[in-house]
Amino acid sequence: MTPEILISEERIRQRVAELAAQISADYAGVDDLLLIGILKGAFIFLADLSRAMTVPRSVDFLALSSYGKRGAFQSGLRLVMDLRESVEGKHVLVVEDIVDSGHTLDYILRLLGARRPASLKTCSLVQKPARTMVDVSIDYLGFEIPDVWVVGYGLDFKDQFRTLPYIGSIPPE
Ligand code: IMP
Ligand code: MG
């Protein structure tokens, strides 16, 4: 199966450059920006975004796994890998691949917020606004997309398609 192109490689490249420029401008003068990528899905976006930025930055990762039925009112989330460093007093930007219901980002914001960062903001490559039911703020958003299953540029279906250079959609099962 070949996913249908929803967002081309070129559009992603341009938007990532714009986001990196905006983030770099907003964090000008900050010397301890910490980018936290959420594994696995954010690894490619974070790699490109972080390299296009111009302010001092470091990177760390969190891995979560979800269990329970997707689309359930509250599916369970489990932290499977924590950060290597403390976030206390640091300017933290969470980098996610996708905001669907919003539960995952909400969980991450609660987890990190409790650790007393100097600031805490969010960046997501895509969001499905029609499905988002938790009121989470996305400070930097790449694209709004319709309610379709998307793969590529880090996003997967059953762990496949993550390394596609574009974002594509696949038909419902
Ligand atoms: P949430 O519903 O906002 O908590 O999103 C949960 C997780 O579901 C995301 O972090 C993704 O890993 C996954 N997800 C949701 N929609 C898609 C999609 O269209 N493609 C790939 N993964 C998705
Ligand atoms: Mg994710």
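These numbers come from the heavy atoms of this one structure, side chains and all, not from hydrogens, waters or symmetry mates. When a residue number appears, it is its place in the shown sequence, counting from 1. Start at 1 and go down the list; that is how both ligands and their atoms are numbered.
The minimum heavy-atom distance linking Leu79 with Tyr107 is given by the pair N-OH, 3.8 Å.
With salt bridges taken as basic N to acidic carboxylate O contacts below 4.0 Å, none links Arg84 and Asp60. The pair Asp156-Arg162 meets the salt-bridge criterion, with a side-chain N (NZ, NE, NH1 or NH2) lying under 4.0 Å from an Asp/Glu carboxylate O.
Of the candidates Val99, Val150, Leu155, it is Val150 that places a heavy atom closest to atom 20 (N) of ligand 1. Of the candidates Val136, Thr132, Thr104, Val126, it is Thr104 that places a heavy atom closest to atom 4 (O) of ligand 1.
Contacts between Arg131 and ligand 1, counted as non-hydrogen atom pairs separated by less than 4.0 Å, are absent for every part of the residue.
Those atoms of ligand 1 with a heavy atom of Lys128 less than 4.0 angstrom away are 16 (N), 17 (C), 18 (C), 19 (O). The ligand atoms of ligand 1 that sit less than 4.0 angstrom from a heavy atom of Val148 are 19 (O). Which parts of ligand 1 touch Glu96 is read off a 4.0 Å heavy-atom cut-off, strictly below it: atoms 10 (O). In the vicinity of Ser101, heavy-atom distances shorter than 4.0 Å reach the ligand 1 atoms 1 (P), 2 (O), 3 (O), 4 (O). Proximity to His103 (heavy-atom distance under 4.0 Å) selects the following atoms of ligand 1: 3 (O), 4 (O). Interface atoms of ligand 1 facing Asp156, defined by a heavy-atom separation under 4.0 Å, are 21 (C).
Residue Gly41 places every heavy atom at 4.0 Å or more from ligand 1. Ligand 1 is approached by Asp97 to a heavy-atom distance shorter than 4.0 Å.
Residues Ile7 and Tyr153 form no side-chain contact, since every pair of their non-hydrogen atoms from C-beta on lies 4.5 Å or further apart. Side-chain atoms of Met1 and Ile170, non-hydrogen and from C-beta on, do get closer than 4.5 Å to each other. Taking the side chain as every heavy atom from C-beta outward, Leu112 and Leu83 approach each other to under 4.5 Å.
Ring planes of Trp149 and Phe157: perpendicular class, angle over 60° (limits at 30 and 60°).
Other residues, nucleotides and ligands contribute over 12 non-hydrogen atoms within 6.0 Å of the CG atom of Asp159.
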